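Notes for the one structure printed next.
For ligands, and for the atoms within them, numbers begin at 1 and follow the listed sequence. Residues take their numbers from the sequence shown, with the count starting at 1. Just so it is clear, the structure is predicted and the values come from calculations on it, not from any experiment.
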Amino acid sequence: MTTNIGVLASGRGTNLRALIQSASEGRLGDAAIKVVISNRQTAGALDIARNSNIKAVYLPVGDSQWGGWDYDSKIAEILIESEVRPNEGLVLLAGYTRILSPEFVGMFRGRIMNIHPSLLPSFPGLNAQRQALEYGVKISGCTVHLVDEGVDTGPIVLQVSVPVLDDDTVDSLSERILAEEHKIYPEAVRLFVEGRLRIEGRRVRLG
Ligand code: GRF
């Protein structure tokens, strides 16, 4: 059965672009990106979706509470209308800046993935690349993980490391990490779609 995918994105959308490209080349397995939803009207991700003939929905935050189910229930409605159903579909966070409510996480439990630009559990949250540089680590990277109720705390699916060079800036490090993000996110999605992820507590075994 085809895995229907919904993507939540707030920014420029390069990970979305990599996912769309992979899907068009059959590298996501039997999957279809059905909808892209953004909390920001000007998100590049919405344009990328439209240009690829994927349904693109701007959902204004309005006065719904930060992280609230008021907002997330509308996301769930749009996903379900777009055939991305709990227990069947897959929700991908690709540069999505809001924290999902526990209700939403519960509804799509085990079926939400995120990409984060550090080697978790180091440097969760915002500005991960800056955090890594300021800490002085010699290696950083990116992580694809399943989403739980915490911030960047869910079980880890894939990680790739990159060196941190002496003359790195936030931009140069971010660019090196981003190139790897564009490889491992589609790869993790394919593993999910092919049913090859086995979640045992915090550990995700690849079958
Ligand atoms: C990426 O660095 C991703 O790891 C983080 O947000 C950024 C999104 O970039 N979660 P893009 O919008 O996919 O270009």
Side-chain angles (χ1 to χ4, degrees), residues 5-24 27-28 33 35-52 54 56-59 61 66-67 72 75 90-100 104-105 108 112-135 137 139-164 168-190 192:
I5 296 175
V7 179
L8 310 186
S10 307
R12 65 197 158 170
T14 66
N15 277 289
L16 171 66
R17 190 189 293 122
L19 290 162
I20 293 172
Q21 177 77 25
S22 296
S24 72
R27 285 189 284 117
L28 295 187
I33 301 174
V35 64
V36 175
I37 304 170
S38 182
N39 57 319
R40 284 194 46 232
Q41 191 163 23
T42 55
L46 289 175
D47 292 326
I48 291 172
R50 287 185 198 109
N51 291 337
S52 304
I54 294 170
V57 181
Y58 162 54
L59 187 60
V61 173
W66 176 256
D72 289 355
I75 294 186
L90 174 61
V91 179
L92 299 177
L93 311 187
Y96 185 61
T97 52
R98 290 175 61 86
I99 294 166
L100 292 170
F104 186 92
V105 173
F108 284 90
I112 311 171
M113 288 207 279
N114 182 41
I115 178 106
H116 183 77
S118 75
L119 292 177
L120 292 170
S122 293
F123 316 125
L126 293 175
N127 302 316
Q129 303 94 332
R130 179 177 298 281
Q131 292 185 55
L133 268 184
E134 287 177 354
Y135 196 92
V137 293
I139 295 172
S140 191
C142 48
T143 304
V144 178
H145 65 93
L146 293 162
V147 172
D148 65 9
E149 283 79 357
V151 177
D152 301 324
T153 51
I156 290 170
V157 178
L158 291 178
Q159 289 187 303
V160 168
S161 62
V162 305
V164 179
D168 261 336
T169 60
V170 172
D171 284 348
S172 64
L173 178 60
S174 300
E175 199 181 317
R176 192 173 309 116
I177 293 172
L178 196 62
E180 298 303 325
E181 294 183 33
H182 295 163
K183 294 179 203 159
I184 66 164
Y185 211 5
E187 171 70 9
V189 171
R190 187 175 60 81
F192 180 96

Legend entry - Min heavy-atom dist Gly13 to ligand 1 below 4.0 Å: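 The answer is yes: ligand 1 sits under 4.0 Å from a heavy atom of Gly13.
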Nearest-neighbour protein heavy atom for [atom], which is reported as residue plus atom name and distance:
atom: atom 10 (N) of ligand 1; result: Ile115 O, 2.9 Å
atom: atom 6 (O) of ligand 1; result: Gly95 CA, 3.5 Å
atom: atom 9 (O) of ligand 1; result: Arg12 NH2, 3.2 Å
atom: atom 4 (O) of ligand 1; result: Glu181 OE1, 2.7 Å

Legend entry - Neighbour count >12 (heavy atoms, 6.0 Å) for atom CZ, Arg130: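 Atom CZ in Arg130 is not packed in, count stays at 12 or less.
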Legend entry - Heavy-atom neighbours of Tyr58 OH exceed 12 at 6.0 Å: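 Enclosed.
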Inset, instruction - Check step by step if side chain to side chain donor-acceptor pair (under 3.5 Å) holds for Thr143 and His145. - result: CA-CA 6 Å; Thr143 304; His145 65 93; over 6 Å; no
Inset, instruction - Consider only side-chain N and O atoms of Thr42 and Arg40, and report whether a donor and an acceptor are under 3.5 Å apart. - result: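 Distance-only check passes for Thr42 and Arg40.
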Legend entry - Where ligand 1 meets Pro117 - atom numbers and elements under 4.0 angstrom, heavy-atom basis: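 Per the distance check, 2 (O), 4 (O), 5 (C).
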Inset, instruction - Check whether any side-chain N or O of Glu149 sits under 3.5 Å from a backbone N or O of Val105 as a donor-acceptor pair, and report yes or no. - result: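 The answer is no, because no donor-acceptor pair under 3.5 Å joins these two groups.
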